[in-house]
Colleague: 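Here's a structure for you.
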Amino acid sequence: MRKKVVAGNWKCNTSVQEGVELAKAVNELVAKEGAEDVVVVLGTPFTHITSVVDAVDTNRVGVSAQNCAAEASGAYTGEVSAAMVKSTGAEYVILGHSERREYYGETSDILNKKVALTLENGLTPIYCCGEALDIREAGTQKAYVINQLEETIFNLSAEDFKKLIIAYEPIWAIGTGKTATTEQAQEMHKDIRDAIAAKYSQEVADEISILYGGSAKPSNAPELFANPDVDGGLIGGASLKAEDFLGIINAY
Ligand code: PGA
């Protein structure tokens with residue numbers, strides 16, 4: 001059975017102190033009221049990871065970086081390696097978020113290096129894919145998203161591929177208040193799962209958690225998560241409020 005996952009992506013928000021308070025609040029709510037069969041992850045800025053790992057019960061609330069370096073170590077000023085992330089006690093790395101692809105020029109070549117280093121260091125990549133509005137309007141979103149997968153994670157062995165979490169995030173729905181309809185989400189999630197089955201096997205496809213991201217909130221999460229191929233969410237804005245985040249965790 002594939003896992004249900006709700007992962008927060010705090011992006012470039014909160015001071016360390018605010019982040020620790022938020023993490024503690026989530027930790028407490030999840031311990032008391034969180035659906036037990038949902039894997040909960042907090043994607044924090046690099047500066048917060050160690051403090052957040054210390055502030056939560058990591059057996060219940062996992063911690064994620066939002067990026068890592070494309071090189072293992074060395075003279076790369078300002079970069080944070082996958083090994084460094086691992087040494088904090090974090091277990092996940094969000095990779096290929098559309099904001100990183102768009103604003104920081106992350107190409108498939110760069111992402112291939114990051115995915116490989118993340119896996120080498122025993123971390124779980126939360127690999128993001130998704131199309132912009134012009135592609136959706138042209139009706140070519142399926143080909144676009146499958147091509148993103150083909151250029152990156154479809155290069156992995158089946159054994160490594162099974163370690164991934166995938167997040168489908170239509171760019172036009174991120175931070176815009178516009179959510180994909182439940183049909184649009186299910187359709188793309190199924191297309192992704194079918195492509196995985198064709199590339200690897202149905203067994204591999206059935207094991208991979210595919211999360212939806214883009215203006216998910218407690219009010220629309222139940223409908224989104226009711227889809228057979230939607231296995232949870234990657235949550236931006238609503239992950240910055242512990243109560244809202246809990247509402248999404250409990251949306252199944
Ligand atoms: P949002 O962000 O929930 O604020 O739309 C989702 C994401 O970018 O991961």
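Just follow the structure's listing: the first ligand is 1, and inside any ligand the first atom is 1.
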Colleague: Do you know which two heavy atoms are closest between A197 and Q202, and how far apart they sit?
Modeller: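 Minimum heavy-atom separation between A197 and Q202: CB-OE1, 3.4 Å.
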
Colleague: Set out, in order, the CA-CA distance, both residues' side-chain angles and the distance that settles side chain to side chain donor-acceptor pair (under 3.5 Å) for Y168 and E131, then state yes or no.
Modeller: CA-CA 9 Å; Y168 167 61; E131 81 287 354; 2.8 Å; yes

Colleague: What I'd like to find out is whether the side chain of N227 reaches to under 4.5 Å of the side chain of Y212, using heavy atoms alone.
Modeller: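 Result no, sub-4.5 Å side-chain heavy-atom pair not found.
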
Colleague: Any N or O of G175 that comes nearer than 3.5 Å to an N or O of ligand 1?
Modeller: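 Indeed, backbone or side chain, G175 has an N or O that close.
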
Colleague: What protein heavy atom sits nearest atom 3 (O) of ligand 1, and how far off is it?
Modeller: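 Of the protein heavy atoms, G236 N, 2.9 Å lies nearest.
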
Colleague: Cation-pi check, K4 to Y252: give yes when NZ or CZ is under 6.0 Å from the six-membered ring centre and within 45° of the ring axis, no otherwise.
Modeller: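 Flagged: K4 positioned over aromatic ring of Y252.
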
Colleague: At a 4.0 Å cut-off, with the gap strictly under it, does some heavy atom of S239 reach an atom of ligand 1?
Modeller: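 No, S239 has no heavy atoms under 4.0 Å from ligand 1.
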
Colleague: May I ask you to identify, for N9, whether its side chain, its backbone, both or neither come under 4.0 Å of ligand 1 on a heavy-atom basis?
Modeller: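 Under 4.0 Å from ligand 1, N9 contributes side-chain atoms alone.
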
Colleague: Below 4.0 angstrom from a heavy atom of A173, which ligand 1 atoms are there? Numbered from 1 as shown, please.
Modeller: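 Close to A173: 5 (O).
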
Colleague: Which atom names give the shortest non-hydrogen contact between C129 and Q148, and what distance separates them?
Modeller: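 In this case the closest contact between C129 and Q148 is CB-OE1, 3.2 Å.
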
Colleague: Evaluate the side-chain proximity of S81 to E71: yes if any heavy-atom separation is below 4.5 Å, no if none is.
Modeller: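 They are not in side-chain contact.
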
Colleague: Between S215 and ligand 1, is there a nitrogen or oxygen pair with a distance under 3.5 Å?
Modeller: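 Between S215 and ligand 1 (N or O atoms, distance only) the closest approach is under 3.5 Å.
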
Colleague: Nearest to atom 8 (O) of ligand 1 by heavy atom, K217, H97, K178: which?
Modeller: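 Among K217, H97, K178, the closest heavy atom to atom 8 (O) of ligand 1 belongs to H97.
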
Colleague: Which of these passes side chain to side chain donor-acceptor pair (under 3.5 Å) with D229: R193, K190, H189?
Modeller: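 Among R193, K190, H189, the one meeting side chain to side chain donor-acceptor pair (under 3.5 Å) with D229 is R193.
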
Colleague: Checking a contact table here: which protein heavy atom is nearest atom 4 (O) of ligand 1, and how many Å away?
Modeller: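 The closest heavy atom on the protein side is G237 N, 2.8 Å.
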
Colleague: Which of the atoms in ligand 1, numbered in the order shown and given with their element, are less than 4.0 Å from a heavy-atom of L234?
Modeller: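 Reading through ligand 1 atom by atom, the close ones are 6 (C), 9 (O).
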
Colleague: Using a strict 4.0 Å cut-off to heavy atoms of E169, name the atoms of ligand 1 that fall inside it.
Modeller: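 So the atoms of ligand 1 that pass are 6 (C), 7 (C), 8 (O), 9 (O).
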
